[in-house]
Student: 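Sharing a structure here in C-alpha cells format.
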Amino acid sequence: MRPRRSATGDKNIIGKNIVEIRKRKGMKQKDLLTKLQVSGTDISPTSLSQLEGQYRYARDYEVLAVAEALGVDKNDLFKDLTD
C-alpha cells in the first residue's frame with residue numbers, strides 16, 4: 001500500500017483508528033475488504049480508502065461491520081489510540 005500523500009479529511013473520526021488497528025493486527029486493506037465482503041458488507045477498495053483517509057462519512061452499519069471484521073468493540077474505533 002502506498003503511503004497517503006495528502007492530509008486526512010474531516011468527514012469521520014474513525015478512519016485513523018481503522019488504519020491503526022488494522023496495521024497492529026498485521027492486516028492489509030485487502031484483508032479487511034475480504035472480511036467485510038464475506039460478512040455481507042459490500043464496500044469497494046476506493047470507499048475503504050476514503051473511509052480510512054477520513055474523506056467520506058462512515059455509515060452506521062459500516063462502523064459495526066468494520067469493528068467485527070477487526071475483532072474489536074465498536075467503541076474502540078472512537079477512542080484516542082495515540083496513548
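Because the structure is a prediction, the values reported are computed rather than measured. All heavy atoms count here, side chains included; hydrogens, waters and symmetry mates do not.
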Student: What are the two closest heavy atoms between I13 and K16, and how far apart are they?
Tutor: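 In this case the closest contact between I13 and K16 is O-NZ, 3.4 Å.
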Student: Counting N and O atoms only, with roles assigned by atom type, does the side chain of S47 sit under 3.5 Å from a partner on the main chain of I43, one being a donor and the other an acceptor?
Tutor: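 No; zero donor-acceptor contacts below 3.5 Å.
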Student: Compare every heavy atom of K25 with every heavy atom of L70, then report the nearest pair and how far apart it is.
Tutor: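 Shortest heavy-atom separation between L70 and K25 comes out as O-CE, 2.7 Å.
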Student: Determine whether the side chains of S49 and T46 contain a donor N or O and an acceptor N or O closer than 3.5 Å.
Tutor: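 On atom types as modelled, these side chains do not qualify, holding no pair under 3.5 Å.
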Student: Give the C-alpha distance, both sets of side-chain angles, the deciding distance and a yes or no for side-chain contact (heavy atoms from CB on, under 4.5 Å) between F78 and V63.
Tutor: CA-CA 10 Å; F78 296 94; V63 173; 3.9 Å; yes
Student: May I ask you to say whether K28 pairs ionically with D31, meaning some side-chain N is under 4.0 Å from a carboxylate O?
Tutor: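 Looking at D31 together with K28, the answer is no, because their closest N to O distance does not fall below 4.0 Å.
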Student: Write down the atom of D73, the atom of A67, and the distance for their closest heavy-atom approach.
Tutor: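 Result for this residue pair: C-CB, 4.1 Å.
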Student: Is L36 close to D42 at the side-chain level, that is, under 4.5 Å between some pair of heavy atoms?
Tutor: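 The answer is no; the side chains never approach within 4.5 Å.
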Student: Checking N17 side chain against K79 main chain: does a donor-acceptor pair fall under 3.5 Å?
Tutor: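 Flag set: sc N17 to bb K79 pair under 3.5 Å.
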Student: Answer whether the closest heavy-atom distance between the side chains of I18 and L32 falls below 4.5 Å.
Tutor: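 Result yes, sub-4.5 Å side-chain heavy-atom pair found.
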Student: What heavy-atom pair brings Y57 and K11 nearest, and what distance separates the two atoms?
Tutor: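 Nearest pair, atom of Y57 first, then K11: CD2-O, 3.0 Å.
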Student: Regarding R22 and E52, does a basic nitrogen lie under 4.0 Å from an acidic carboxylate oxygen?
Tutor: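 Judged by the 4.0 Å cut-off on N to carboxylate O distance, R22 and E52 do form a salt bridge.
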Student: Is there side-chain contact between N12 and L51, with heavy atoms separated by less than 4.5 Å?
Tutor: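 A side-chain contact under 4.5 Å exists here.
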Student: Assess whether a salt bridge exists between R56 and E62, defined as any Lys/Arg side-chain N lying under 4.0 Å from an Asp/Glu carboxylate O.
Tutor: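 Judged by the 4.0 Å cut-off on N to carboxylate O distance, R56 and E62 do form a salt bridge.
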Student: Going by heavy atoms in the side chains, are V66 and K74 under 4.5 Å from each other?
Tutor: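 When only atoms from C-beta onward are counted, K74 and V66 do not touch, as no gap falls below 4.5 Å.
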Student: What's the spacing between T41 OG1 and E68 CD if we round to 0.5 Å?
Tutor: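 The CD atom of E68 is 8.0 Å from OG1 of T41, to the nearest 0.5 Å.
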Student: Does a salt bridge link E20 with R24, judged by any charged N lying under 4.0 Å from a carboxylate O?
Tutor: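 Between R24 and E20 there is a salt bridge, with a charged N closer than 4.0 Å to a carboxylate O.
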